[in-house]
K.L.:
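Structure incoming, see below.
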Amino acid sequence: MTADPAEQDGWARLHPLTPLLRGGRFALVLLAVVGQQGLRDSPGRAAAVLLAVGVPAGALAGWLSWRAMRYRVTPTELQVESGVLFRRSRRVPLARVQAVDVVRPFYARVLGLAELRLEVVGAGDAEAPLAFLPDERAGALRTQLLDLAAGRERAGDAPAPEPDRVLVVVPTGPLVWSTLLGAPLVSVVVLGPLLLGALAVGAEAAATVVVSAAPVLLGVGSLAVRRILSEYGFTVAESPDGLRLRHGLLDTRSQTIPPGRVQAIRIREPLLWRRFGWVRVEVDVAGYSGGGEDQAGGGALLPVAPRELADALVARVLGGPLPVADVAVPPAARWRAPLQHRRLRIGLDDGHVVATSGVVTTTTDIAPRAKVQSLRTTQGPYERRLGLATLHVDTAGRRLPGAVLAHRDAGEAATLLELLSRRMAPAAP
Amino acid sequence: MTPAPPPPWRRPDPALLRLRRLLVLLLVALPGAIGSLVLAVPAGGAGVLAGLAATAACSGLLLLAVERRYAAWGYLERDDDLLVRRGVLVRRTSVVPYGRMQYVDVTAGPLARRFDLAMVTLHTAAAATDASIPGLRTDEAARLRDRLAALGEARQAGV
């Protein structure tokens, strides 16, 4: 059935069910609005008109935009053409690809479809998301794109998906407990006595507390549920393509980070997790926009794991042992950061900069020196009085701030600035 | 072999100082003076004097601040990177390697253009990078931009 000229020369279309899936959510909203109106007013004529006009119009628009959208892979680029009225032709240079995600929203999973997203430097949003493709097509395309991006040749027409070696699977128990041992526990601890006290006063006071606390509880609860759903069954695997992260219960996401694309890593150890020895590892890759769908994932490399396991994984991802953060701040820093000055430590070796900080949550930031984009020292008036300065090690990516070497001795900060800037600009490749 | 003496820090053009001073006069001293005169209607001569004194004090302080801020700006083109320093209360120094620059912006507002000034801003893949140099003569800004772009291209390291 290759009569269609649009599908020649390697051009391909998305799955024909795409407009249905894309429009599905919109149609549901429309139905809800119309339904409500219909119930309130007389069996609404307006509603009937809306349905009679809106649904076919939406279907037509969806079909047209599906027809207009096509993509093709060349040895150096992914080319995407779309748009009915305003034609848009996009070329994504594969050398700039930072990560490839295969996302399967729940409704698409049911139909065996998936969305392929390329993360590219400097793009505000995922560049050219291909939604939706059949599952196996998405997998094959991912392998093909990653191969081309890495300059690998592969024999045969249909590249076999790379077998990957599972490194870590996060069990459900710790995932759920660790999520509850955060904002949910805190809100219960705070609101519980408040509610009991109000009950002692009277039913009316209790009702007031419940009503005013409800939005907070709902927010906290839904965030916790979303996090658990998103990070359920978190699997870290290693494949020749790079690091592969798979997670999600209803909507699943499979991220592939090619080697050397990690910009920064943060290890977080909240106070309440400390007695279990748990930490959370977050990773930053240039190109992720940070907002929207990414937020639920939170950029986790490992949502919860014992410290040793996390350290081993981080060392493996960054390719080598990490320096120990054991250089403390000068005694004067206690006047500038009385609560956390003991936590402010740094470590440095040829490959990486490590900085720890935090009062309630101990945070360890790791920046590979080869990935540093710029260095900044800042010195506020109080710091100047104490002979201190802060060094910021900026990395690409928007989730993590790189490493902040806070409240160092001013002379040390100047030396570090010099030292780090020398290693920052490697000779041209 | 004797090491070459370190190249000196370069400063924004003195026209930037004139521009900033003019802005203080236009935005603070002039409205203050007019306000003081208007104040004469309800408050009489004493009000005018108080208003003028306050205006003069504010303008003087701002002029001083403008001067010190101007004096704090500096940039240094080294072999591999560009250093920018600024700030009086909070002192900042930024180091941006040429190979990390994604693009360079030259911007000039209407007033700055009258003074033949422009600002050069460096962008890297990190959002936190804040290296910008205001108050460069237009030709110096163009020279710096071209040099940075050329060096950036030659040393591009990718992300």
Side-chain angles (χ1 to χ4, degrees), chain A residues 95-98 119-124 260-264 284-287 289-290 367 370-384 389-404 410 413-414 416-429, chain B residues 3 6-7 9 64-65 68-69 71-105 120-133 147-159:
Chain A
R96 283 175 59 224
V97 168
Q98 301 292 311
E119 307 292 347
V120 181
V121 194
R261 294 303 200 191
V262 171
Q263 304 288 337
D284 206 350
V285 173
S289 52
K371 294 292 177 189
V372 174
Q373 300 291 318
S374 67
L375 295 166
R376 290 176 293 133
T377 55
T378 60
Q379 188 181 43
Y382 195 31
E383 276 185 311
R384 187 154 53 245
T390 295
L391 179 65
H392 302 258
V393 178
D394 301 324
T395 52
R398 292 170 208 205
R399 286 174 178 156
L400 301 178
V404 179
L416 282 173
L417 185 75
E418 229 15 75
L419 185 78
L420 287 171
S421 71
R422 243 177 284 140
R423 186 50 84 82
M424 210 166 30
Chain B
W9 286 81
L64 201 68
R68 291 197 56 190
R69 255 180 84 77
W73 278 105
Y75 64 100
L76 180 58
E77 294 164 67
R78 298 198 299 188
D79 288 343
D80 293 317
D81 46 27
L82 180 80
L83 264 64
V84 182
R85 68 174 180 199
R86 68 191 172 95
V88 177
L89 205 59
V90 178
R91 282 192 198 147
R92 301 167 195 274
T93 309
S94 300
V95 183
V96 182
Y98 299 129
R100 291 302 191 197
M101 280 182 322
Q102 297 289 324
Y103 56 95
V104 184
D105 269 348
V120 174
T121 309
L122 276 66
H123 297 270
T124 70
T129 304
D130 65 346
S132 54
I133 313 165
R147 184 176 134 83
L148 292 177
L151 284 168
E153 193 137 322
R155 292 163 202 228
Q156 189 60 41
V159 174

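First the proteins, then the strands, lettered A, B, ... as listed; each starts at 1. Note that the coordinates shown come from a computational prediction; the quantities given were computed from them, not determined experimentally. Excluded from the calculations below are hydrogen atoms, water molecules and symmetry mates; all remaining heavy atoms, backbone and side chain alike, are included.
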K.L.:
Identify the two heavy atoms, one from Val90(B) and one from Pro381(A), that lie closest to each other, and give their separation to 0.1 Å.
P.N.:
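Taking every non-hydrogen atom into account, CG2-CD, 4.2 Å.
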
K.L.:
What is the distance from atom NE2 of His392(A) to atom OG1 of Thr93(B), rounded to the nearest 0.5 Å?
P.N.:
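Rounded to the nearest 0.5 Å, the NE2-OG1 separation comes to 11.0 Å.
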
K.L.:
So which of Arg85(B), Met101(B), Arg92(B) has the biggest tally of heavy-atom pairs under 4.5 Å with chain A?
P.N.:
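Most heavy-atom pairs within the cutoff with chain A belong to Arg92(B).
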
K.L.:
Quick check on Val88(B) against chain A: is it the side chain, the backbone, both or neither that has a heavy atom closer than 4.5 Å?
P.N.:
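For Val88(B), the backbone is the part near chain A, not the side chain.
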
K.L.:
Give, as side chain, backbone, both or neither, the part of Thr378(A) having an atom under 4.5 angstrom from any heavy atom of chain B.
P.N.:
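Both parts, backbone and side chain.
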
K.L.:
Heavy-atom distance under 4.5 Å to chain B: side chain of Leu417(A), backbone, both or neither?
P.N.:
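Only the side chain of Leu417(A) comes within 4.5 Å of chain B.
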
K.L.:
I need the Gln373(A) CD to Leu122(B) CG distance, nearest 0.5 Å.
P.N.:
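Interatomic distance, Gln373(A) CD to Leu122(B) CG, rounded to 0.5 Å: 12.0 Å.
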
K.L.:
What's the separation between atom CG in Asp130(B) and atom OG in Ser374(A), rounded to the nearest 0.5 Å?
P.N.:
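Atom-to-atom, Asp130(B):CG and Ser374(A):OG are 7.5 Å apart.
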
K.L.:
Report yes or no: does Arg384(A) contribute a side-chain atom to a donor-acceptor pair with the main-chain N or O of Leu89(B) at less than 3.5 Å?
P.N.:
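Yes: the side chain of Arg384(A) pairs with the backbone of Leu89(B).
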
K.L.:
Counting only heavy atoms not in Arg68(B) (residues, nucleotides, ligands), do more than 12 fall under 6.0 Å from its CZ?
P.N.:
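Count not over threshold, so no.
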
